Amino acid sequence: MASVSSQPQFRYTQPPSKVLHLRNLPWECTEEELIELGKPFGKVVNTKCNVGANRNQAFIEFADLNQAIAMISYYASSSEPAQVRGKTVYLQYSNRQEIVNNKTTADVAGNVLLVTIEGQDARLVSIDVLHLVFSAFGFVHKITTFEKTAGFQALVQFSDAETATSAKNSLDGRSIPRYLLSESIAPCTLKITYSAHTDLSVKFQSHRSRDYTNPYLPVAPSAIDGSSQLSVGLDGKKLEPESNVLLASIENMQYAVTLDVLHMVFSAFGPVQKIAMFDKNGGMQALIQYPDVQTAVVAKEALEGHCIYDGGFCKLHLSYSRHTDLSIKVNNDRSRDYTVPNPAMANPQPSGFGQQPVQTMGPAAHQYNGTQYGPGSGQPMMPHQPSAGWGSGVPGVPQSTPVQMTNHPYMPQTTPGTMQMPGGYGGVPPAGSVPPYRPNQM
DNA sequence: AGCACA
């Protein structure tokens with residue numbers, strides 16, 4: 001018998017197989033479409049679609065080799081290429097002799113979907129956003145999320161396979177709508193298969209899992225650490241484990257973000273007790289500690305996704321830290337405990353949080369000279385349209401807090417001193433020249 | 001537009 005030597009280079013001389021390999025298929029090509037395509041040439045006994053990294057390849061297996069040959073021969077000499085939905089698809093014999101395992105468990109329709117959230121910021125997609133996305137197709141019973149090697153995944157349970165299928169068909173391969181995400185979050189694509197589960201076991205309401213059929217389920221003990229508290233919403237809003245400590249990561253950091261800049265920005269919402277900065281994943285992150293959760297919540301909602309500098313520079317991503325009290329060992333340009341008087345500081349600040357403890361912070365603060373303000377414009381920047389991705393007038397989408405900056409001033413009037421830079425620091429240029437960050441005044 | 005990981 002003729003040995004089939006594998007020679008990937010010479011695809012044109014691929015030996016015949018009753019399995020055909022198709023590529024350049026339109027997105028989400030269905031098995032039905034593949035059958036339609038192959039049917040004129042013979043009996044399609046198996047298919048496999050959504051193959052390859054782009055999921056635009058597929059296999060068709062004919063009952064008989066001659067049928068596959070007929071199809072290849074036909075299109076080899078046809079003036080019309082093979083098409084699916086008007087898109088040219090390219091055919092060749094597969095280098096395999098049969099389709100293995102097309103109908104796996106992952107393809108058996110069920111009421112539970114396995115959702116993989118892909119994207120740089122997949123982990124930032126909240127369970128609430130997922131709930132919102134999937135609720136469009138029917139009542140979502142439960143959601144669990146977890147991290148696997150495959151990335152950030154979720155199991156989404158519907159009442160029945162039909163609902164799950166409609167959600168899968170509509171959402172698989174699609175991105176989470178921009179307006180549901182902070183503008184700073186990179187696009188997140190959903191890859192969906194069926195799960196073999198039929199009923200998820202959700203023991204607690206937490207930021208990792210929800211049971212929407214039982215809103216009175218206890219809140220996860222792990223989510224109630226220390227002073228953090230959960231505002232449990234039945235509608236699936238705001239169930240993150242809030243904390244008085246925020247984790248800030250800064251994206252697109254074209255301009256240096258110093259401790260003082262962070263202090264100023266975050267002081268707009270209340271007293272900042274401690275800040276710790278560190279490098280992570282090639283970027284910079286910081287932990288910002290407020291005395292209470294409420295202040296942190298306000299700050300997070302106001303600042304999330306916003307840029308410290310105009311032009312999309314230094315975008316803030318905020319999440320709640322699991323810390324409740326930072327341990328600041330030493331006050332330096334990376335970490336600071338503002339609650340203890342620092343002998344190195346000319347001005348201990350008993351009263352004013354908004355006070356800039358920067359008098360001695362020469363080097364860092366001095367990086368902020370006029371030329372670094374904005375990209376070429378000496379203009380102070382406010383996060384103009386802080387949320388380009390939100391509030392785009394999309395109907396039916398809950399416009400939650402972050403968008404409504406109008407009634408949500410960055411700088412509460414009740415905190416005098418905060419960010420009153422001009423003249424406020426009596427001839428302390430560094431502070432005054434710090435961040436071109438401004439409350440969004442509208 | 002170029003071969004599947006259940």
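Just so we're on the same page: letters track the sequence lines, and every chain starts at 1. In this text, all values refer to a predicted model and were calculated from it rather than measured experimentally.
An OP1 or OP2 oxygen of B:dC3 is reached within less than 4.0 angstrom by no side-chain nitrogen or oxygen of A:Arg23.
Rounded to a whole Å, the CG atom of A:Leu25 is 11 Å from the P atom of B:dG2. One interatomic measurement links the two molecules: CD of A:Gln14 to C1' of B:dC3, which rounds to 9 Å at whole-angstrom precision. B:dC3 atom P lies 15 Å from atom CG of A:Leu20, rounded to whole Å. At whole-Å resolution of the value, CG in A:Leu91 and P in B:dC3 are 15 Å apart. Protein atom CG of A:Leu34 is 13 Å distant from nucleotide atom C1' of B:dA4, rounded to whole Å. A straight line from CD1 of A:Ile72 to C1' of B:dG2 spans 13 Å, rounded to a whole angstrom. In this structure, A:Asn56 atom CG and B:dG2 atom P are separated by 6 Å, rounded to whole Å. The distance from atom CG of A:Asn46 to atom P of B:dA4 is 16 Å, rounded to the nearest whole Å.
Atom NZ of A:Lys87 is surrounded by more than 12 heavy atoms from other residues, nucleotides or ligands within 6.0 Å.
Under 3.5 Å, the side chains of A:Asn95 and A:Gln14 contain no donor-acceptor pair of N or O atoms.
A:Glu61 comes within 4.0 angstrom of nothing in the nucleic acid, heavy atoms only.
Note: A:Phe313 and A:Tyr255 have perpendicular aromatic rings, judged against thresholds of 30 and 60 degrees for the angle between ring planes.
Scanning for ring pair (Phe, Tyr, Trp, His ring centres under 6.0 Å) contacts around A:Phe41 gives A:Tyr74, A:Tyr75, with sequence neighbours left out.
In this model, no side-chain donor or acceptor of A:Gln57 finds a partner on the base of B:dG2 within 3.5 Å.
Judged by closest nucleotide on DNA chain B, A:Tyr90 is the one of A:Tyr90 and A:Val51 placed further toward the 5' end.
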